[in-house]
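Written out below as structure tokens is the structure these notes cover.
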2 protein chains.
Amino acid sequence: MTDAHTSPEFVTERIREAILSGDLRPGEKLHQDKLADMLGISRTPLRTALTALTQSGLVSYENNRGFYVREFSFSDVAGAFQVRAELEATACRLAASNMSEAAEQLLFELVEEGDRLLSPGSLSPENLVPYRRMNVGFHTAIMELAANPWIKTFVESLHNVPLASDRVIMWRDFYVIRRSHDDHHRIARALAKGQGERAAAIMREHITFALEHLHTQLEEYPEDFLRVPTADALSSKTRTRRRHRRPAA
Amino acid sequence: MTDAHTSPEFVTERIREAILSGDLRPGEKLHQDKLADMLGISRTPLRTALTALTQSGLVSYENNRGFYVREFSFSDVAGAFQVRAELEATACRLAASNMSEAAEQLLFELVEEGDRLLSPGSLSPENLVPYRRMNVGFHTAIMELAANPWIKTFVESLHNVPLASDRVIMWRDFYVIRRSHDDHHRIARALAKGQGERAAAIMREHITFALEHLHTQLEEYPEDFLRVPTADALSSKTRTRRRHRRPAA
DNA sequence: GGCGCACATAATGTATCCAAAATTGTCATT
DNA sequence: AATGACAATTTTGGATACATTATGTGCGCC
């Protein structure tokens with residue numbers, strides 16, 4: 001079991017994963033009875049999960065017509081990168097004024113961790129998850145140093161936009177990764193020296209380029225991004241709940 | 001009546017108003033039974049409203065302990081202004097590339113409307129609401145011209161931070177308003193000429209100054225911001241629903 | 001007299017039930 | 001055969017009942 005304590009919390013995460021991973025397809029109707037059955041809960045907690053997801057933008061809702069997996073256009077994705085670039089650039093600017101010994105050290109440790117993972121000259125599949133963790137950690141650390149909770153909040157919600165999340169990255173071309181991690185180096189150094197504006201500029205470009213690169217990748221290898229939904233990804237491990245049954249007819 | 005069609009939508013708005021206006025005080029416990037009774041609905045739609053408000057940040061929630069009106073520190077408010085300044089500045093930069101005849105005209109009409117309202121040399125109380133509408137309209141128009149839905153989404157959610165919303169403004173000093181509206185003039189002109197970077201700079205300062213001014217106002221006239229909750233602001237106009245009652249006690 | 005445990009109470013969380021709305025399918029009419 | 005109205009069915013929305021978790025109180029024990 002995960003450490004989510006109440007079922008809405010739990011199933012929210014579950015459904016979010018299903019949507020981001022493509023198991024639930026954009027536009028698909030989220031049938032309350034069926035979903036509740038699959039997840040082994042009743043409709044009440046499911047509905048709270050769905051309204052939460054609606055607010056966070058992953059799900060759309062129409063009055064008396066129910067919930068649907070929200071569809072994102074490429075322009076939505078592009079917009080998410082644009083805003084993320086600005087927000088994280090701002091985070092750099094702010095973080096520069098809040099640097100401490102400990103903060104500096106944390107950033108450099110993360111960067112070194114990245115160096116270790118990339119040192120073989122390629123990113124092996126088993127290092128992919130650690131690298132992603134390092135990457136998320138680096139960006140998160142800066143947003144926390146910025147000491148402005150809104151930045152982190154909004155960036156997190158942008159990570160809910162399917163292709164804008166860090167789960168899709170460009171592992172095809174090692175040079176791109178290396179260069180991207182080089183940005184991390186420079187950002188860390190700039191922050192350590194209190195060069196907030198410089199760090200911001202590098203960060204803006206760091207993210208802007210990621211969008212550009214995603215765009216070219218999408219055109220060259222579109223199949224990489226069309227996830228085929230696995231059959232019954234949502235069926236719960238717990239026995240499927242026995243539903244109310246009328247005595248007889 | 002508002003045009004909210006379903007009861008969660010309706011009561012969400014109702015509770016949001018109550019919180020932003022100060023009728024529900026920061027930190028106050030949101031008792032489900034009592035609130036549902038006051039609003040004349042059952043706990044089910046109330047809970048969906050509360051989870052929605054939780055997601056949008058106005059309400060906090062603890063597992064099995066219920067909902068509370070979220071408390072904001074001044075630093076939260078300041079952070080909201082900071083981020084809003086960046087987001088709306090970005091909106092200007094983007095809008096500059098999307099200007100059309102109609103867009104230009106819309107902005108100038110809004111600015112002229114503001115001129116009319118300020119022409120008496122002071123802002124009379126009955127013009128306060130129209131001026132606020134004009135102001136919101138102006139900022140919204142630019143965000144829409146930016147054609148990046150995330151900006152508008154996030155800025156709207158920042159307006160949920162009590163003192164960061166446009167409902168609190170500095171009507172004490174007419175010169176401040178006049179100068180603020182002068183910013184609108186310059187922003188409109190800059191955008192019309194395609195000077196995105198200039199518009200962005202003005203907008204950033206426009207909002208940054210609003211924070212600074214709020215800060216000084218808070219120190220000088222703190223009583224203006226301590227709203228005394230009206231006795232039973234939430235009791236519904238419709239007859240209060242008769243709740244389940246135990247036989248006797 | 002203070003601390004802690006146990007029970008009572010109250011409030012939250014979830015399931016079920018009922019009502020209202022929407023969708024679908026059928027039939028009659030043109 | 002196509003279209004529109006109407007009925008049947010499905011599905012959602014809301015209310016209530018039930019279960020579970022927190023909390024407050026009192027009693028006993030140390």
Side-chain angles (χ1 to χ4, degrees), chain A residues 1-15 24 27-55 59-70 236 238-249, chain B residues 2-15 24 27-55 59-70 234 236 238-249:
Chain A
M1 274 290 163
T2 70
D3 50 345
H5 296 78
T6 59
S7 43
E9 217 172 313
F10 179 62
V11 304
T12 299
E13 216 34 58
R14 197 78 175 279
I15 297 171
L24 290 171
E28 189 170 341
K29 162 126 212 201
L30 295 170
H31 219 279
Q32 300 183 6
D33 252 331
K34 284 174 191 156
L35 259 183
D37 236 6
M38 284 179 178
L39 294 163
I41 55 171
S42 86
R43 276 173 53 212
T44 311
L46 172 68
R47 292 177 102 253
T48 75
L50 290 174
T51 59
L53 287 166
T54 300
Q55 287 299 320
V59 162
S60 67
Y61 169 74
E62 289 172 81
N63 262 339
N64 290 319
R65 305 215 30 236
F67 298 90
Y68 298 80
V69 178
R70 175 156 164 202
S236 66
T238 74
R239 213 66 264 111
T240 118
R241 195 168 64 88
R242 211 177 20 267
R243 308 256 359 192
H244 167 252
R245 192 158 293 272
R246 297 182 177 67
Chain B
T2 69
D3 50 346
H5 297 78
T6 61
S7 47
E9 219 171 310
F10 179 63
V11 305
T12 300
E13 214 36 57
R14 196 81 175 276
I15 297 171
L24 290 170
E28 189 171 341
K29 163 123 213 204
L30 295 170
H31 222 281
Q32 299 183 5
D33 256 331
K34 285 173 189 155
L35 257 184
D37 234 5
M38 284 179 178
L39 295 163
I41 54 171
S42 87
R43 278 173 52 214
T44 312
L46 173 68
R47 290 178 106 259
T48 73
L50 289 173
T51 58
L53 287 166
T54 299
Q55 287 299 320
V59 162
S60 67
Y61 169 75
E62 288 172 80
N63 260 340
N64 289 320
R65 306 214 30 236
F67 298 90
Y68 297 80
V69 178
R70 173 154 164 203
L234 275 186
S236 65
T238 74
R239 212 69 262 112
T240 118
R241 197 166 62 87
R242 210 172 27 266
R243 306 256 356 184
H244 168 250
R245 190 160 292 275
R246 297 182 178 65

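Below, chain A is the first sequence line, B the second, and so on; all start at residue 1.
- Fit an axis to the five pairs at each end of the helix from C:dG1-D:dC30 to C:dT30-D:dA1 and the two axes sit 10° apart, to the nearest 10 degrees.
- For the side chain to side chain contact (heavy atoms under 4.5 Å, CB included) test, residues two or more places apart in sequence or in another chain that qualify with B:Gln32 are B:Arg43, B:Leu46, B:Arg47, B:Phe67.
- We find that CD of B:Glu62 is positioned 16 Å from P of C:dA11, with the value rounded to whole Å.
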Listing time: all N or O pairs from protein to nucleotides 18-21 of chain C that are below 3.5 Å?
none

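- Regarding contacts with the backbone of C:dT14, every side-chain N or O of A:Thr44 stays at 4.0 angstrom or more from both OP1 and OP2.
- Residues passing the side chain to side chain contact (heavy atoms under 4.5 Å, CB included) test with A:Pro8 are A:Thr6, A:Pro45, A:Thr48, sequence neighbours excluded.
- When the salt bridge (charged side-chain N to carboxylate O under 4.0 Å, His left out) test is applied to A:Glu13, the partners found at least two apart in sequence or on another chain are A:Arg16.
- For C:dT12, the OP1/OP2 oxygens have a side-chain nitrogen or oxygen of B:Lys29 closer than 4.0 Å.
- The distance between atom CG of B:Leu50 and atom C1' of C:dA11, rounded to the nearest whole Å, is 14 Å.
- Taking side-chain N and O atoms only, B:Arg65 has no distance below 4.0 Å to OP1 or OP2 of C:dA11.
- The side chain of B:Gln32 places no N or O atom within less than 4.0 Å of a non-bridging phosphate oxygen (OP1 or OP2) of C:dA10.
- Rounding to whole angstrom units, NE2 of residue A:His31 and P of D:dG13 are separated by 12 Å.
- To the nearest 0.5 Å, atom CD of residue A:Gln55 and atom OG1 of residue B:Thr51 are 7.5 Å apart.
- Atoms CZ (B:Arg47) and P (C:dA15) sit 12 Å apart, rounded to a whole Å.
- Between the CG atom of A:Leu53 and the CG atom of A:Leu30 there is a distance of 8.5 Å, given to the nearest 0.5 Å.
- Put simply, the side chain of B:Leu35 does not reach to within 4.5 Å of the side chain of B:Val11, judged on heavy atoms.
- The distance between atom CG of A:Asn63 and atom C1' of D:dG14, rounded to the nearest whole Å, is 14 Å.
- Applying the side chain to side chain donor-acceptor pair (under 3.5 Å) criterion to A:Thr12, with sequence neighbours excluded, gives no partner residue.
- Computed from coordinates, the A:Leu46 CG to D:dG13 P distance equals 11 Å when rounded to whole Å.
- For the pair B:Asp33 CG and D:dA22 C1', the interatomic distance rounds to 16 Å; values are reported in whole Å.
- Distance, B:Tyr61 OH to C:dG13 C1': 7 Å, rounded to whole Å.
- The residue among A:Thr48 and A:Tyr68 whose nearest nucleotide of DNA chain C lies closer to the 5′ end is A:Thr48.
- The structure places CD of A:Glu62 at 9.0 Å from NZ of A:Lys29, a figure rounded to the nearest 0.5 Å.
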